[in-house]
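Here is the naming used below: chain letters follow the sequence lines, and residue numbers restart at 1 for every chain.
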There are 2 protein chains.
Amino acid sequence: MSKAIDKEADCRFMDEMASLMMPWGWPRNVGRMYAYLLLSDKPVTLDTISEDLRIAKSNASVAARTLEQFGNARRHSEPGSKRIYYSAPDILSGPFAFTSQLLGRISGLLASHKALARTDAVDARLDDMAGFYAEIRDAIQGVLDRYAGIASAVEGVPDGEEPSPSLPSSSATRTR
Amino acid sequence: MSKAIDKEADCRFMDEMASLMMPWGWPRNVGRMYAYLLLSDKPVTLDTISEDLRIAKSNASVAARTLEQFGNARRHSEPGSKRIYYSAPDILSGPFAFTSQLLGRISGLLASHKALARTDAVDARLDDMAGFYAEIRDAIQGVLDRYAGIASAVEGVPDGEEPSPSLPSSSATRTR
DNA sequence: GGATAAATTCACAAAAATCAGAATATGTCA
DNA sequence: TGACATATTCTGATTTTTGTGAATTTATCC
(Lines give C-alpha, C1' and ligand atoms only; values in the text may rest on other atoms or scores of the structure.)
Protein backbone atom coordinates (compact mmCIF):
# COMPACT_ATOMS: atom_id res chain seq x y z
CA MET A 1 0.00 0.00 0.00
CA SER A 2 2.79 2.42 0.81
CA LYS A 3 4.20 1.54 -2.60
CA ALA A 4 0.84 2.21 -4.24
CA ILE A 5 0.40 5.55 -2.44
CA ASP A 6 3.80 6.70 -3.65
CA LYS A 7 2.88 6.24 -7.26
CA GLU A 8 2.78 9.40 -9.28
CA ALA A 9 -0.80 8.83 -10.36
CA ASP A 10 -1.91 8.58 -6.75
CA CYS A 11 -0.19 11.86 -5.95
CA ARG A 12 -1.96 13.51 -8.85
CA PHE A 13 -5.24 12.03 -7.67
CA MET A 14 -4.69 13.46 -4.19
CA ASP A 15 -3.62 16.85 -5.51
CA GLU A 16 -6.57 17.06 -7.85
CA MET A 17 -9.05 15.98 -5.21
CA ALA A 18 -7.58 18.60 -2.88
CA SER A 19 -8.06 21.25 -5.57
CA LEU A 20 -11.67 20.21 -6.08
CA MET A 21 -12.41 20.28 -2.36
CA MET A 22 -10.90 23.70 -1.69
CA PRO A 23 -13.94 25.48 -3.11
CA TRP A 24 -15.93 23.68 -0.40
CA GLY A 25 -13.69 25.25 2.21
CA TRP A 26 -11.46 22.25 2.82
CA PRO A 27 -7.84 23.11 3.57
CA ARG A 28 -5.52 21.57 1.02
CA ASN A 29 -4.12 18.85 3.24
CA VAL A 30 -7.57 17.86 4.45
CA GLY A 31 -8.52 17.15 0.84
CA ARG A 32 -5.28 15.31 0.20
CA MET A 33 -5.82 13.12 3.23
CA TYR A 34 -9.40 12.42 2.18
CA ALA A 35 -8.13 11.14 -1.17
CA TYR A 36 -5.29 9.24 0.50
CA LEU A 37 -7.73 7.37 2.71
CA LEU A 38 -9.94 6.58 -0.29
CA LEU A 39 -6.94 4.86 -1.85
CA SER A 40 -5.95 2.99 1.29
CA ASP A 41 -7.01 -0.62 1.56
CA LYS A 42 -6.12 -0.76 5.26
CA PRO A 43 -6.46 1.69 8.14
CA VAL A 44 -3.33 3.83 8.65
CA THR A 45 -1.67 5.60 11.55
CA LEU A 46 -0.89 9.29 11.90
CA ASP A 47 2.79 8.52 11.46
CA THR A 48 2.13 6.75 8.18
CA ILE A 49 -0.14 9.52 6.96
CA SER A 50 2.44 12.12 7.97
CA GLU A 51 5.20 10.27 6.09
CA ASP A 52 3.19 9.46 2.99
CA LEU A 53 1.70 12.95 2.63
CA ARG A 54 4.95 14.62 3.74
CA ILE A 55 3.26 16.83 6.31
CA ALA A 56 3.94 17.43 9.99
CA LYS A 57 2.34 14.93 12.34
CA SER A 58 0.61 17.78 14.14
CA ASN A 59 -0.99 18.80 10.87
CA ALA A 60 -1.99 15.18 10.18
CA SER A 61 -3.57 14.99 13.62
CA VAL A 62 -5.66 18.13 13.15
CA ALA A 63 -6.65 17.23 9.61
CA ALA A 64 -7.61 13.69 10.57
CA ARG A 65 -9.89 14.89 13.31
CA THR A 66 -11.40 17.47 10.98
CA LEU A 67 -12.27 14.70 8.51
CA GLU A 68 -13.50 12.39 11.23
CA GLN A 69 -15.69 15.07 12.77
CA PHE A 70 -18.05 15.03 9.80
CA GLY A 71 -17.80 11.42 8.77
CA ASN A 72 -15.07 11.82 6.16
CA ALA A 73 -12.71 9.41 7.86
CA ARG A 74 -13.21 6.52 10.25
CA ARG A 75 -11.25 6.26 13.45
CA HIS A 76 -10.20 2.88 14.80
CA SER A 77 -8.70 2.03 18.15
CA GLU A 78 -6.54 -1.00 18.90
CA PRO A 79 -7.03 -2.77 22.26
CA GLY A 80 -3.89 -2.51 24.39
CA SER A 81 -2.45 0.33 22.36
CA LYS A 82 -2.73 4.06 22.22
CA ARG A 83 -2.41 3.97 18.50
CA ILE A 84 -5.23 5.35 16.44
CA TYR A 85 -5.91 4.19 12.90
CA TYR A 86 -7.80 6.11 10.25
CA SER A 87 -9.59 4.62 7.27
CA ALA A 88 -11.75 5.61 4.35
CA PRO A 89 -15.24 6.92 5.06
CA ASP A 90 -18.56 5.51 3.92
CA ILE A 91 -19.65 6.21 0.39
CA LEU A 92 -21.87 8.86 2.00
CA SER A 93 -19.14 11.39 2.61
CA GLY A 94 -17.78 14.63 1.28
CA PRO A 95 -18.79 18.18 2.12
CA PHE A 96 -22.55 17.68 1.96
CA ALA A 97 -23.89 17.37 5.45
CA PHE A 98 -22.39 20.73 6.26
CA THR A 99 -23.54 22.06 2.90
CA SER A 100 -27.07 20.90 3.56
CA GLN A 101 -27.09 22.53 6.99
CA LEU A 102 -25.63 25.75 5.60
CA LEU A 103 -28.29 25.92 2.89
CA GLY A 104 -30.98 25.38 5.49
CA ARG A 105 -29.63 28.29 7.48
CA ILE A 106 -29.49 30.53 4.43
CA SER A 107 -33.08 29.64 3.60
CA GLY A 108 -34.16 30.30 7.17
CA LEU A 109 -32.38 33.64 7.23
CA LEU A 110 -34.11 34.73 4.03
CA ALA A 111 -37.51 33.57 5.24
CA SER A 112 -37.19 35.21 8.64
CA HIS A 113 -36.07 38.50 7.18
CA LYS A 114 -39.02 38.54 4.83
CA ALA A 115 -41.22 39.94 7.56
CA LEU A 116 -38.90 42.92 8.00
CA ALA A 117 -38.49 43.91 4.40
CA ARG A 118 -40.04 47.15 3.25
CA THR A 119 -41.71 46.51 -0.07
CA ASP A 120 -43.84 43.74 -1.52
CA ALA A 121 -41.28 43.18 -4.26
CA VAL A 122 -38.47 42.66 -1.79
CA ASP A 123 -40.72 40.45 0.35
CA ALA A 124 -41.52 38.28 -2.65
CA ARG A 125 -37.87 38.09 -3.66
CA LEU A 126 -36.76 36.95 -0.21
CA ASP A 127 -39.58 34.43 -0.05
CA ASP A 128 -38.81 32.98 -3.48
CA MET A 129 -35.11 32.84 -2.73
CA ALA A 130 -35.75 31.12 0.59
CA GLY A 131 -37.67 28.49 -1.38
CA PHE A 132 -34.87 28.15 -3.90
CA TYR A 133 -32.21 27.54 -1.27
CA ALA A 134 -34.53 25.11 0.52
CA GLU A 135 -35.04 23.14 -2.70
CA ILE A 136 -31.30 22.85 -3.28
CA ARG A 137 -30.92 21.74 0.32
CA ASP A 138 -33.74 19.21 -0.04
CA ALA A 139 -32.29 17.84 -3.27
CA ILE A 140 -28.95 17.21 -1.57
CA GLN A 141 -30.60 15.85 1.57
CA GLY A 142 -32.69 13.46 -0.52
CA VAL A 143 -29.60 11.80 -1.95
CA LEU A 144 -27.93 11.76 1.47
CA ASP A 145 -30.99 10.13 3.01
CA ARG A 146 -31.05 7.45 0.33
CA TYR A 147 -27.40 6.65 0.85
CA ALA A 148 -27.89 6.69 4.61
CA GLY A 149 -30.56 4.05 4.12
CA ILE A 150 -28.14 1.92 2.12
CA ALA A 151 -25.44 2.34 4.73
CA SER A 152 -27.68 1.36 7.62
CA ALA A 153 -28.82 -1.71 5.67
CA VAL A 154 -25.19 -2.71 5.36
CA GLU A 155 -24.38 -1.87 8.98
CA GLY A 156 -23.46 -4.76 11.21
CA VAL A 157 -21.66 -6.78 8.58
CA PRO A 158 -18.11 -7.22 9.91
CA ASP A 159 -15.37 -6.51 7.36
CA GLY A 160 -12.91 -8.88 8.94
CA GLU A 161 -10.20 -6.23 9.07
CA GLU A 162 -8.38 -5.12 12.23
CA PRO A 163 -8.90 -2.79 14.11
CA SER A 164 -12.60 -2.24 14.92
CA PRO A 165 -14.23 0.97 13.67
CA SER A 166 -15.80 3.89 15.49
CA LEU A 167 -18.87 5.45 13.92
CA PRO A 168 -18.72 8.82 12.11
CA SER A 169 -21.40 11.46 12.66
CA SER A 170 -22.33 13.79 9.76
CA SER A 171 -20.24 15.64 7.21
CA ALA A 172 -18.36 18.84 6.28
CA THR A 173 -15.07 20.57 6.97
CA ARG A 174 -14.20 24.12 7.89
CA THR A 175 -14.32 25.44 11.38
CA ARG A 176 -14.23 29.19 11.48
CA MET B 1 -34.30 52.51 0.93
CA SER B 2 -31.20 54.05 2.45
CA LYS B 3 -33.20 54.35 5.67
CA ALA B 4 -34.27 50.71 5.44
CA ILE B 5 -30.72 49.51 4.77
CA ASP B 6 -29.45 51.32 7.84
CA LYS B 7 -31.78 49.49 10.12
CA GLU B 8 -30.08 47.25 12.60
CA ALA B 9 -31.98 44.20 11.44
CA ASP B 10 -30.78 44.71 7.89
CA CYS B 11 -27.19 44.93 9.09
CA ARG B 12 -27.61 41.70 11.01
CA PHE B 13 -29.12 40.11 7.91
CA MET B 14 -26.14 41.19 5.82
CA ASP B 15 -23.63 40.07 8.43
CA GLU B 16 -25.28 36.71 8.85
CA MET B 17 -25.58 36.14 5.12
CA ALA B 18 -21.89 37.03 4.80
CA SER B 19 -21.05 34.48 7.48
CA LEU B 20 -23.04 31.81 5.69
CA MET B 21 -21.39 32.55 2.37
CA MET B 22 -17.80 32.56 3.66
CA PRO B 23 -17.64 28.76 3.76
CA TRP B 24 -18.34 28.89 0.01
CA GLY B 25 -15.23 31.02 -0.43
CA TRP B 26 -17.02 34.35 -0.68
CA PRO B 27 -15.09 37.22 0.84
CA ARG B 28 -17.03 38.85 3.63
CA ASN B 29 -17.95 42.00 1.74
CA VAL B 30 -19.08 40.04 -1.30
CA GLY B 31 -21.61 38.27 0.90
CA ARG B 32 -22.67 41.50 2.55
CA MET B 33 -23.24 43.12 -0.84
CA TYR B 34 -25.23 40.12 -2.04
CA ALA B 35 -27.56 40.50 0.93
CA TYR B 36 -27.67 44.29 0.49
CA LEU B 37 -28.82 43.93 -3.09
CA LEU B 38 -31.45 41.39 -2.07
CA LEU B 39 -32.89 44.06 0.23
CA SER B 40 -32.72 46.84 -2.33
CA ASP B 41 -35.90 47.70 -4.14
CA LYS B 42 -34.03 49.81 -6.72
CA PRO B 43 -30.69 49.48 -8.47
CA VAL B 44 -27.87 51.26 -6.65
CA THR B 45 -24.58 52.86 -7.58
CA LEU B 46 -21.11 51.96 -6.37
CA ASP B 47 -21.03 55.19 -4.37
CA THR B 48 -24.24 54.26 -2.59
CA ILE B 49 -23.06 50.72 -1.95
CA SER B 50 -19.74 52.03 -0.67
CA GLU B 51 -21.49 54.43 1.71
CA ASP B 52 -24.16 52.04 2.95
CA LEU B 53 -21.77 49.13 3.50
CA ARG B 54 -19.01 51.44 4.77
CA ILE B 55 -16.37 49.99 2.49
CA ALA B 56 -13.93 51.60 0.07
CA LYS B 57 -15.34 52.26 -3.38
CA SER B 58 -12.53 50.21 -4.90
CA ASN B 59 -13.63 47.24 -2.79
CA ALA B 60 -17.24 47.82 -3.80
CA SER B 61 -16.17 47.85 -7.43
CA VAL B 62 -14.27 44.57 -7.20
CA ALA B 63 -16.97 42.88 -5.14
CA ALA B 64 -19.73 44.04 -7.47
CA ARG B 65 -17.99 42.63 -10.50
CA THR B 66 -17.31 39.40 -8.65
CA LEU B 67 -21.03 39.04 -7.93
CA GLU B 68 -22.02 40.07 -11.44
CA GLN B 69 -19.57 37.68 -13.06
CA PHE B 70 -21.54 34.68 -11.85
CA GLY B 71 -25.04 36.05 -11.95
CA ASN B 72 -25.27 37.17 -8.35
CA ALA B 73 -25.92 40.80 -9.20
CA ARG B 74 -27.36 42.54 -12.23
CA ARG B 75 -25.54 45.42 -13.86
CA HIS B 76 -27.49 48.31 -15.40
CA SER B 77 -26.23 51.12 -17.56
CA GLU B 78 -27.86 54.52 -17.95
CA PRO B 79 -27.89 56.16 -21.40
CA GLY B 80 -25.86 59.36 -21.43
CA SER B 81 -24.06 58.51 -18.23
CA LYS B 82 -21.05 56.52 -17.19
CA ARG B 83 -22.82 55.48 -14.05
CA ILE B 84 -23.36 51.82 -13.41
CA TYR B 85 -26.19 50.52 -11.26
CA TYR B 86 -26.33 47.16 -9.56
CA SER B 87 -29.44 45.29 -8.53
CA ALA B 88 -30.55 42.02 -7.02
CA PRO B 89 -29.98 38.82 -9.01
CA ASP B 90 -32.52 36.31 -10.22
CA ILE B 91 -33.88 33.83 -7.73
CA LEU B 92 -31.46 31.35 -9.32
CA SER B 93 -28.33 32.73 -7.71
CA GLY B 94 -25.89 31.98 -4.93
CA PRO B 95 -22.73 29.89 -4.92
CA PHE B 96 -23.95 27.19 -7.30
CA ALA B 97 -22.60 28.07 -10.71
CA PHE B 98 -19.62 25.80 -10.50
CA THR B 99 -21.09 23.39 -7.99
CA SER B 100 -22.47 21.09 -10.61
CA GLN B 101 -19.33 21.18 -12.71
CA LEU B 102 -17.14 20.72 -9.66
CA LEU B 103 -19.09 17.66 -8.55
CA GLY B 104 -18.88 16.28 -12.07
CA ARG B 105 -15.13 16.65 -11.97
CA ILE B 106 -14.90 14.93 -8.60
CA SER B 107 -17.01 12.07 -9.91
CA GLY B 108 -14.88 11.85 -13.05
CA LEU B 109 -11.67 11.89 -11.02
CA LEU B 110 -12.91 9.03 -8.86
CA ALA B 111 -14.11 7.00 -11.84
CA SER B 112 -10.92 7.49 -13.83
CA HIS B 113 -8.69 6.58 -10.91
CA LYS B 114 -10.63 3.37 -10.39
CA ALA B 115 -8.61 1.69 -13.11
CA LEU B 116 -5.36 2.49 -11.29
CA ALA B 117 -6.33 1.35 -7.85
CA ARG B 118 -4.70 -1.75 -6.48
CA THR B 119 -7.37 -3.82 -4.84
CA ASP B 120 -10.93 -4.80 -5.69
CA ALA B 121 -12.16 -3.18 -2.47
CA VAL B 122 -10.59 0.16 -3.35
CA ASP B 123 -11.86 -0.14 -6.92
CA ALA B 124 -15.40 -0.71 -5.67
CA ARG B 125 -15.14 2.15 -3.22
CA LEU B 126 -14.00 4.60 -5.90
CA ASP B 127 -16.70 3.40 -8.26
CA ASP B 128 -19.46 3.72 -5.69
CA MET B 129 -18.24 7.11 -4.60
CA ALA B 130 -18.10 8.31 -8.20
CA GLY B 131 -21.78 7.35 -8.46
CA PHE B 132 -22.59 9.12 -5.22
CA TYR B 133 -21.01 12.41 -6.29
CA ALA B 134 -22.73 12.11 -9.68
CA GLU B 135 -26.10 11.70 -7.96
CA ILE B 136 -25.54 14.77 -5.81
CA ARG B 137 -24.52 16.65 -8.95
CA ASP B 138 -27.63 15.52 -10.79
CA ALA B 139 -29.90 16.41 -7.88
CA ILE B 140 -28.52 19.94 -7.72
CA GLN B 141 -28.57 20.36 -11.47
CA GLY B 142 -32.21 19.30 -11.55
CA VAL B 143 -33.21 22.16 -9.27
CA LEU B 144 -31.01 24.63 -11.15
CA ASP B 145 -32.52 23.55 -14.46
CA ARG B 146 -36.04 23.99 -13.13
CA TYR B 147 -35.28 27.49 -11.88
CA ALA B 148 -33.52 28.33 -15.11
CA GLY B 149 -36.73 27.33 -16.90
CA ILE B 150 -38.76 29.63 -14.66
CA ALA B 151 -36.39 32.52 -15.21
CA SER B 152 -36.43 32.18 -18.99
CA ALA B 153 -40.24 32.03 -18.93
CA VAL B 154 -40.24 35.33 -17.08
CA GLU B 155 -37.60 36.89 -19.31
CA GLY B 156 -38.75 39.74 -21.47
CA VAL B 157 -41.26 41.12 -19.02
CA PRO B 158 -40.18 44.72 -18.42
CA ASP B 159 -40.08 45.70 -14.75
CA GLY B 160 -40.77 49.32 -15.47
CA GLU B 161 -37.81 50.46 -13.41
CA GLU B 162 -34.88 52.50 -14.74
CA PRO B 163 -32.20 51.62 -15.82
CA SER B 164 -32.31 48.66 -18.21
CA PRO B 165 -30.69 45.40 -17.06
CA SER B 166 -27.73 43.46 -18.41
CA LEU B 167 -27.95 39.69 -18.32
CA PRO B 168 -26.04 37.63 -15.73
CA SER B 169 -24.29 34.42 -16.77
CA SER B 170 -23.99 31.56 -14.25
CA SER B 171 -23.10 31.51 -10.55
CA ALA B 172 -20.30 31.06 -8.01
CA THR B 173 -17.57 33.16 -6.46
CA ARG B 174 -13.94 32.34 -5.86
CA THR B 175 -11.31 32.69 -8.49
CA ARG B 176 -8.19 30.80 -7.58
C1' DG C 1 -9.48 68.75 -27.84
C1' DG C 2 -10.20 69.48 -22.33
C1' DA C 3 -12.92 69.01 -18.03
C1' DT C 4 -15.12 66.19 -15.10
C1' DA C 5 -17.05 62.21 -12.90
C1' DA C 6 -17.00 57.47 -12.39
C1' DA C 7 -14.87 53.00 -12.62
C1' DT C 8 -10.93 50.21 -12.36
C1' DT C 9 -6.22 48.84 -11.38
C1' DC C 10 -2.19 48.87 -8.61
C1' DA C 11 0.80 48.88 -4.56
C1' DC C 12 0.98 48.04 -0.08
C1' DA C 13 -0.68 47.16 4.62
C1' DA C 14 -3.46 44.44 7.53
C1' DA C 15 -5.77 40.35 8.60
C1' DA C 16 -6.49 35.58 8.33
C1' DA C 17 -5.19 30.91 7.37
C1' DT C 18 -1.89 27.27 7.28
C1' DC C 19 2.00 24.82 8.66
C1' DA C 20 6.14 23.04 11.28
C1' DG C 21 8.17 22.10 15.37
C1' DA C 22 8.27 22.49 20.42
C1' DA C 23 5.89 21.53 24.43
C1' DT C 24 2.51 19.18 26.83
C1' DA C 25 -1.01 15.66 27.71
C1' DT C 26 -2.44 11.02 27.56
C1' DG C 27 -2.54 5.86 27.31
C1' DT C 28 -0.28 1.56 28.02
C1' DC C 29 2.92 -1.46 30.16
C1' DA C 30 5.96 -3.19 33.68
C1' DT D 1 5.29 4.74 40.34
C1' DG D 2 8.24 5.71 35.97
C1' DA D 3 9.33 4.82 31.06
C1' DC D 4 7.93 5.17 26.69
C1' DA D 5 5.18 5.93 22.64
C1' DT D 6 1.61 8.39 20.69
C1' DA D 7 -1.64 12.14 20.22
C1' DT D 8 -2.73 16.80 20.88
C1' DT D 9 -2.10 21.67 21.86
C1' DC D 10 0.50 25.75 21.57
C1' DT D 11 3.54 29.14 19.50
C1' DG D 12 5.54 31.57 16.01
C1' DA D 13 6.78 31.82 11.14
C1' DT D 14 5.17 31.78 6.59
C1' DT D 15 1.85 32.16 3.12
C1' DT D 16 -2.36 33.71 1.33
C1' DT D 17 -6.27 36.64 1.20
C1' DT D 18 -8.62 40.91 1.78
C1' DG D 19 -9.18 45.75 1.83
C1' DT D 20 -7.70 50.76 1.48
C1' DG D 21 -6.19 54.64 -0.80
C1' DA D 22 -3.49 56.42 -4.63
C1' DA D 23 -2.96 56.30 -9.36
C1' DT D 24 -4.71 55.45 -13.72
C1' DT D 25 -8.17 54.56 -17.17
C1' DT D 26 -12.50 55.30 -19.21
C1' DA D 27 -16.99 57.45 -20.49
C1' DT D 28 -19.60 61.43 -21.21
C1' DC D 29 -20.38 66.23 -22.19
C1' DC D 30 -19.19 70.62 -24.10
Could you tell me how far apart [X] ([atom1]) and [N] ([atom2]) are, to the nearest whole angstrom?
| X | N | atom1 | atom2 | answer |
| --- | --- | --- | --- | --- |
| Y85(B) | dA27(D) | OH | P | 17 Å |
| H76(A) | dG27(C) | NE2 | P | 20 Å |
| M22(A) | dT18(C) | CE | C1' | 10 Å |
| R65(A) | dA7(D) | CZ | P | 11 Å |
| E51(A) | dA7(D) | CD | C1' | 16 Å |
| E68(B) | dA7(C) | CD | P | 12 Å |

With side-chain hydrogen bond (donor to acceptor under 3.5 Å, both in side chains) as the rule and sequence neighbours excluded, what pairs involving residues 56-65 of chain A come up? D47(A)-K57(A)
Out of dA7(D), dA7(C), dT9(C), whichever nucleotide has its closest atom nearest the side chain of L46(B): dA7(C)
Proximity to the side chain of V62(A) - top-ranked nucleotide from dT8(C), dT9(D), dT8(D): dT9(D)
Looking only at heavy atoms, what is the nearest atom pair of [X] and [Y], with distance?
| X | Y | answer |
| --- | --- | --- |
| R32(B) | A18(B) | CG-CB, 3.7 Å |
| G94(B) | N72(B) | N-OD1, 2.6 Å |
| L109(B) | M17(A) | CD2-N, 3.6 Å |

Please check if atom CZ in R28(A) has more than 12 non-hydrogen atoms from other residues, nucleotides or ligands closer than 6.0 Å. yes
Under the rule for side chain to side chain donor-acceptor pair (under 3.5 Å), what residues qualify as partners of Y133(A), not counting sequence neighbours? Y34(B)
For S61(B), answer base if it contacts any base atom (sugar-phosphate contacts may also be present), sugar-phosphate if it contacts only those atoms, and nothing otherwise; contact means non-hydrogen atoms under 4.0 Å. base
Polar atom pairs (N or O), protein with nucleotides 19-22 of chain D, under 3.5 Å:
unit_1	atom_1	unit_2	atom_2	d
dG19(D)	OP1	N29(B)	ND2	3.1
dG19(D)	O5'	N59(B)	ND2	3.3
dT20(D)	OP2	A56(B)	N	3.1
dT20(D)	OP2	N59(B)	ND2	3.0
dG21(D)	N7	S58(B)	OG	3.1
dG21(D)	O6	S58(B)	OG	3.1

On DNA chain C, does the nearest nucleotide to I84(B) precede the nearest nucleotide to S81(A) from the 5' side, or the other way round? Give the residue. I84(B)
If the cut-off is 4.0 Å, is R83(A) near the phosphate of dA5(D), judged by side-chain N/O to OP1 or OP2? no
Indicate whether the side chain of R75(B) and that of Y86(B) have a donor and an acceptor atom separated by less than 3.5 Å. yes
